[in-house]
Amino acid sequence: MTLPVQAFGRTGMDITRVGFGAWAVGGSWQHGWGGQDDADSVAAVRHAVESGVNWIDTAAVYGLGHSEEVVAKALAGIPEADRPFVFTKGGEVWDDAGRVSKVATAESLRRECEASLRRLGVERIDLYQVHQTPEAGTPVEEYWQTMVDLTAEGKVRAIGMSNHSIERLEGAERVGHVDSLQPPFSAINRSQAGEIAWAAANGTGVIVYSPMQSGLLTGAFSAERVAALPDDDWRRSAPDFTTGLTANLAVADALAPVAERHGVPRAAIAVAWVLAWPGITGAIVGARRPAQVDDWVRAATVELTEADLAEIGAAIETSGAGAGPVRARQ
């Protein structure tokens, strides 16, 4: 199956408008989604690639290294010519007790990069990203120089930032070009619209995460399902699934008639709404089983009309869900 591709900033990579997100396949850990069968994870990754998806986004910290190992297992069964791009992230390290810290020193990033290369079983990482702003206050110019150096050494092809402010992006850009930005973005969480606009103005590709707001916009959630989530699923106590649940489910309900008109699952409309936002190159969408891929992969080919966008925008405003602009300034 072939999906449309789009230039990913100045990286030289053309990526499909949806990519496989490997957070949940890391399994059970401090910020995990509950237990996960590795066989299901491998099957989901391979099904996404067979469906035309040409990139995978993971991170060292997902499952404390396990997600990258699962991605390596999945890639091992895919012919070289059909292998997807592999994107991962560093900047979050853990100790023997599983406690995670945000660290981005030169020494740490280099050590993490080498560890990710080993776990993924690749000679070069296609996109290496700083996962979070470091807690120790390391100047962005310092850790971004390390990222630039890793590119020059051939360990990574392109470099990016996740969860960074415009101020930090500008500081990094003065050292070396920021190839990509990875912020959260969905019809519920629109708070990073300013960062996306900055990226568009600076030739930086944008891949957003949580376009379905961790499953809330798929139509599969209710108050009863939230209450039944496993104790080790981080969503069980998250504000979006507790205090904000009623408003968020109202937005999910509003996607139903749009999905019916386009003949696709509601999840595909949630992702298509994100892809219609100016400046966004692609959306990271997770799956724990192959069938879940089928729910969102068609978003890559859905073209929402102005009437669709206006209808969804009105529903967002009425619900009061989330924060940020409902439509981007053209």
Side-chain angles (χ1 to χ4, degrees), residues 19-48 56-74 87-103 112 115-116 119-120 129 131-132 135 162-163 182 184 186 188-189 208-249 252 267 270 284-293 295-296 322:
F20 186 95
W23 179 5
V25 305
S28 184
W29 61 294
Q30 180 182 356
H31 300 291
W33 299 59
Q36 173 69 8
D37 187 313
D38 286 355
D40 286 342
S41 300
V42 169
V45 172
R46 292 179 182 171
H47 184 59
I56 299 169
D57 181 84
T58 184
V61 77
Y62 296 161
L64 307 183
H66 190 60
S67 176
E68 290 183 330
E69 294 169 344
V70 170
V71 169
K73 290 179 183 178
F87 305 161
T88 193
K89 298 179 282 290
E92 290 200 84
V93 300
W94 57 93
D95 61 18
D96 292 341
R99 292 183 292 261
V100 176
S101 301
K102 301 170 186 176
V103 180
E112 285 193 82
S116 287
R119 283 191 293 263
L120 290 166
Q129 303 155 94
H131 204 157
Q132 303 277 357
E135 294 166 328
S162 180
N163 304 303
Q182 184 183 142
S186 73
I188 292 172
N189 182 1
V208 300
Y209 68 89
S210 292
M212 299 186 300
Q213 203 61 31
S214 305
L216 274 173
L217 294 174
T218 63
F221 265 94
S222 63
E224 291 74 22
R225 183 179 173 189
V226 172
L229 288 171
D231 290 340
D232 58 355
D233 189 319
W234 67 271
R235 295 175 294 181
R236 188 178 176 89
S237 59
D240 278 337
F241 289 80
T242 52
T243 55
L245 184 63
T246 299
N248 294 341
L249 291 180
I284 302 164
V285 199
R288 302 177 70 167
R289 298 177 299 279
Q292 292 178 329
V293 174
D295 287 340
W296 51 256

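We're numbering straight along the sequence, starting at 1. Keep in mind it's a predicted model, so treat the numbers as computed, not measured.
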- Any donor-acceptor N/O pair, Gln36 side chain to Arg288 backbone, under 3.5 Å: yes

- Query: Would you say Asp57 and Gln182 make side-chain contact, with heavy atoms under 4.5 Å?
  - Reply: yes

- For the side chain of Trp296 and the backbone of Ala270, is there at least one donor-acceptor N/O pair under 3.5 Å apart? no

- Message: Just to verify, what does Asp38 make a salt bridge (charged side-chain N to carboxylate O under 4.0 Å, His left out) with, not counting sequence neighbours?
- Response: Lys73

- Query: Which residues pass the side chain to side chain donor-acceptor pair (under 3.5 Å) test with Gln132, sequence neighbours left out?
  - Reply: none

- Task: Give a yes or no on whether the backbone of Thr58 and the side-chain of Lys89 come within a donor-acceptor separation of less than 3.5 Å.
- Result: yes

- Check: Ser67 side chain, Trp23 main-chain N or O, donor-acceptor pair, under 3.5 Å: no

- Message: Could you check whether any side-chain N or O of Gln129 sits under 3.5 Å from a backbone N or O of Thr88, counting only pairs where one atom can act as donor and the other as acceptor?
- Response: yes

- Message: Checking Phe20 now: which residues fulfil ring pair (Phe, Tyr, Trp, His ring centres under 6.0 Å) with it, not counting sequence neighbours?
- Response: none

- For Glu68, which residues count as a salt bridge (charged side-chain N to carboxylate O under 4.0 Å, His left out) partner, sequence neighbours excluded? Arg119

- Message: Run the side chain to side chain donor-acceptor pair (under 3.5 Å) test against Asp96 and tell me which residues pass, sequence neighbours left out.
- Response: none

- Task: Would you indicate whether the side-chain heavy atoms of Ile56 and Val45 approach each other to under 4.5 Å?
- Result: yes

- Provide the closest heavy-atom pair for Gln213 versus Phe241 in the form atom of the first, atom of the second, distance. O-CZ, 4.0 Å

- Query: Which residues satisfy the side chain to side chain contact (heavy atoms under 4.5 Å, CB included) test with Leu249, sequence neighbours excluded?
  - Reply: Leu216, Phe221, Leu245

- Item | All side chain to side chain contact (heavy atoms under 4.5 Å, CB included) counterparts of Pro184, not counting sequence neighbours | Asn163, Asn189, Gln192, Tyr209

- Among pairs that include at least one residue of residues 236-245, which meet salt bridge (charged side-chain N to carboxylate O under 4.0 Å, His left out), considering only residues two or more places apart or in two chains? Asp231-Arg236

- Point-to-point distance, once rounded to the nearest 0.5 Å, from NE2 of His131 to CD of Glu112: 10.5 Å

- For the side chain of Arg235 and the backbone of Ser214, is there at least one donor-acceptor N/O pair under 3.5 Å apart? yes

- Message: Could you check whether any side-chain N or O of Ser186 sits under 3.5 Å from a backbone N or O of Ile188, counting only pairs where one atom can act as donor and the other as acceptor?
- Response: yes

- Message: Among residues at least two apart in sequence or on other chains, which ones pass side chain to side chain donor-acceptor pair (under 3.5 Å) with Ser222?
- Response: Glu224

- Find out whether Leu64 and Val100 are in side-chain contact, i.e. whether some heavy atom of one side chain is under 4.5 Å from a heavy atom of the other. yes

- Task: Identify, with sequence neighbours excluded, every residue that meets side chain to side chain contact (heavy atoms under 4.5 Å, CB included) alongside Ala227.
- Result: none

- Message: I'd like to check the side chain to side chain contact (heavy atoms under 4.5 Å, CB included) partners of Val208; sequence neighbours left out, ordered by chain and number.
- Response: Pro183, Phe185, Ile196, Val206, Val274, Ile280, Ala283

